[in-house]
Number of protein chains: 2
Amino acid sequence: MNSFTEENYLKAIYKLTEESIGNVTTNAIAEAMNTKAASVTDMIKKLSEKQLVNYAKYQGVTLTHKGEGIAIQIIRKHRLWEFFLVNKLNFKWDEVHDIAEELEHINSAPLVDRLDEYLGFPKFDPHGDPIPSKNGTLKIPNFFKLSKLETGERGTVSGVSDHSAAFLQYLEKQHLGLGIQLKVSEKNDYDNSMIIITEERTLFLSKEVANNILVAK
Amino acid sequence: MNSFTEENYLKAIYKLTEESIGNVTTNAIAEAMNTKAASVTDMIKKLSEKQLVNYAKYQGVTLTHKGEGIAIQIIRKHRLWEFFLVNKLNFKWDEVHDIAEELEHINSAPLVDRLDEYLGFPKFDPHGDPIPSKNGTLKIPNFFKLSKLETGERGTVSGVSDHSAAFLQYLEKQHLGLGIQLKVSEKNDYDNSMIIITEERTLFLSKEVANNILVAK
DNA sequence: TATGTTTTTTAGATCGCTCTAAATTAACCA
DNA sequence: TGGTTAATTTAGAGCGATCTAAAAAACATA
């Protein structure tokens with residue numbers, strides 16, 4: 001059995017691995033976990049002894065097969081619970097992250113399986129992130145940053161890369177949510193802002209916002 | 001904020017208070033928590049500093065108003081989650097205790113309130129224990145030990161005082177569950193065993209079993 | 001490639017919770 | 001009421017996770 005802390009390290013390393021090429025550095029983990037590099041080194045050694053990460057001094061880490069499996073199961077739990085909170089308990093998508101951070105550490109395989117079944121085996125969580133299946137497979141959807149669309153192109157809002165309440169609430173205010181169809185009406189080269197048209201309204205979006213919205217073409 | 005450990009101590013003290021008269025002793029807590037008396041003394045001091053228990057050396061403890069409030073909220077969460085597991089996820093009543101022991105420490109008032117609403121504000125958990133309301137009130141139902149019924153008396157199975165999987169599975173095997181109506185057909189003074197008649201069958205129950213079944217008259 | 005900078009690791013300490021062993025206090029009973 | 005037993009507390013230590021400060025390795029670039 002692994003502690004909450006160990007699980008959080010594995011999850012952080014998994015996510016950093018997705019974002020980076022090559023090994024994940026000590027400092028990157030420290031930043032992601034809001035802790036100090038020295039603490040990370042200690043934990044890495046422990047995880048390495050448990051064969052959950054591959055580690056050589058000064059070389060950063062990668063997850064072992066076993067470590068990756070655990071990380072994926074935690075992510076599965078997190079996303080299933082988010083789905084539950086939004087679709088059964090009527091939470092808004094900006095309210096569920098912190099609660100799911102706690103729920104993801106509940107340790108019971110039958111609970112996860114029954115929850116999955118109860119929810120109808122959902123494929124995506126409320127933020128558009130794919131939910132790993134029981135056996136740990138996860139098909140990465142083909143989403144693009146909205147900022148990559150060209151003038152005149154159309155897309156459907158399908159995910160976000162910033163899960164903060166602040167960002168999600170901003171989208172809410174603009175009436176932007178998953179499933180919204182849009183068309184790029186104008187792109188501004190100077191600041192990379194853009195103007196888009198949805199069924200409801202015309203919106204001005206900054207570079208930051210357009211970068212954090214994921215669309216399917 | 002209190003740690004899981006602190007919460008478990010408060011819960012244990014609350015339950016011991018229900019069962020005993022006067023202050024709860026160090027040894028009783030140690031036994032309930034599966035730990036050593038010395039550890040209990042340490043924790044008691046900490047809880048006392050936080051004003052969650054009243055404590056004087058060698059005198060045992062009582063919960064303060066604040067401590068009792070926290071304990072009741074944990075019990076509320078435990079019982080709501082048990083109800084959820086049985087009634088929504090189709091777990092059996094002997095499978096839910098350990099999972100609820102984890103879920104009860106999830107910290108989110110809106111989560112508890114919405115769960116309560118989602119479940120239809122249930123009054124009793126799957127073992128017949130009353131679920132405290134949001135404001136912490138808890139009406140103790142008027143249940144008796146089955147062993148207290150006299151020959152010829154009737155009752156309805158309404159609760160259990162042993163929540164172990166072993167006991168619950170035994171009841172299951174005898175087709176005894178909440179709501180079952182029964183009549184005492186015979187009591188044996190020698191070993192305090194009894195024979196009861198339900199709609200379905202006639203059962204022999206030992207003293208131990210009859211002591212742990214609660215009935216409403 | 002040598003030197004300065006950044007990253008990472010090590011050493012040593014702290015905090016929360018637990019333990020064993022020993023000391024202290026309370027309770028019981030002859 | 002004094003002595004024995006049982007309950008409780010104290011003292012001191014360990015473990016997991018964290019930190020700061022200092023040392024070591026890797027890197028970057030002039």
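Within every chain, numbering begins at 1; the chains are lettered A, B, ... in the order of the sequence lines, protein sequences first and strands thereafter.
- Atom CD1 in B:Ile44 sits roughly 12 Å away from atom P in D:dT10 (whole-Å rounding).
- Protein atom CG of A:Asn23 is 16 Å distant from nucleotide atom C1' of D:dC27, rounded to whole Å.
- Nearer to the 5' terminus of DNA chain D, by closest-nucleotide assignment, is the contact made by B:Ala28 (compared with the other of B:Ala28 and A:Thr5).
- As a whole-Å value, the separation of B:Lys36 NZ from C:dA21 P is 10 Å.
- B:Tyr58 pairs by the side chain to side chain contact (heavy atoms under 4.5 Å, CB included) definition with nothing, not counting sequence neighbours.
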Donor-acceptor pairs are to be reported for all side-chain atoms of residues 21-41 of chain A against protein atoms at under 3.5 Å, with residues two or more places apart or in another chain.
{"residue": "A:Asn23", "atom": "ND2", "partner": "A:Gln59", "partner atom": "O", "Å": "2.8"}
{"residue": "A:Thr25", "atom": "OG1", "partner": "A:Ala28", "partner atom": "N", "Å": "3.1"}
{"residue": "A:Thr41", "atom": "OG1", "partner": "A:Ala37", "partner atom": "O", "Å": "3.2"}

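- A:Phe4 meets the ring pair (Phe, Tyr, Trp, His ring centres under 6.0 Å) test with A:His105, B:Phe4; sequence neighbours excluded.
- Under 4.0 angstrom from either OP1 or OP2 of D:dC19 there lies at least one side-chain N or O belonging to A:Thr35.
- Taking side-chain N and O atoms only, B:Asn27 has a distance below 4.0 Å to OP1 or OP2 of D:dT8.
- Between B:His163 and B:His127, the ring-plane angle classifies as perpendicular under the 30° and 60° cut-offs.
- One can place CG of A:Asn34 at 11 Å from P of D:dT18, the figure rounded to the nearest angstrom.
- Residues meeting the ring pair (Phe, Tyr, Trp, His ring centres under 6.0 Å) test with A:Phe84, sequence neighbours left out: A:Trp81, B:Phe84.
- With sequence neighbours excluded, the residues satisfying side chain to side chain contact (heavy atoms under 4.5 Å, CB included) with A:Asp116 are A:Arg76, A:Leu80, A:Phe121, A:Pro122.
- Rounding to whole angstrom units, CD1 of residue B:Ile29 and P of D:dA7 are separated by 14 Å.
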For nucleotides 9-16 of chain C, just jot down a letter per nucleotide in 5' to 3' order: B, S or -, based on protein non-hydrogen atoms under 4.0 Å. BB-----S
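- Residue contacts for A:Phe4: at a heavy-atom cut-off of 4.0 Å it reaches no nucleic acid atom on any strand shown.
- Counting to the nearest Å, the P atom of D:dT18 and the CG atom of A:Leu47 are 11 Å from each other.
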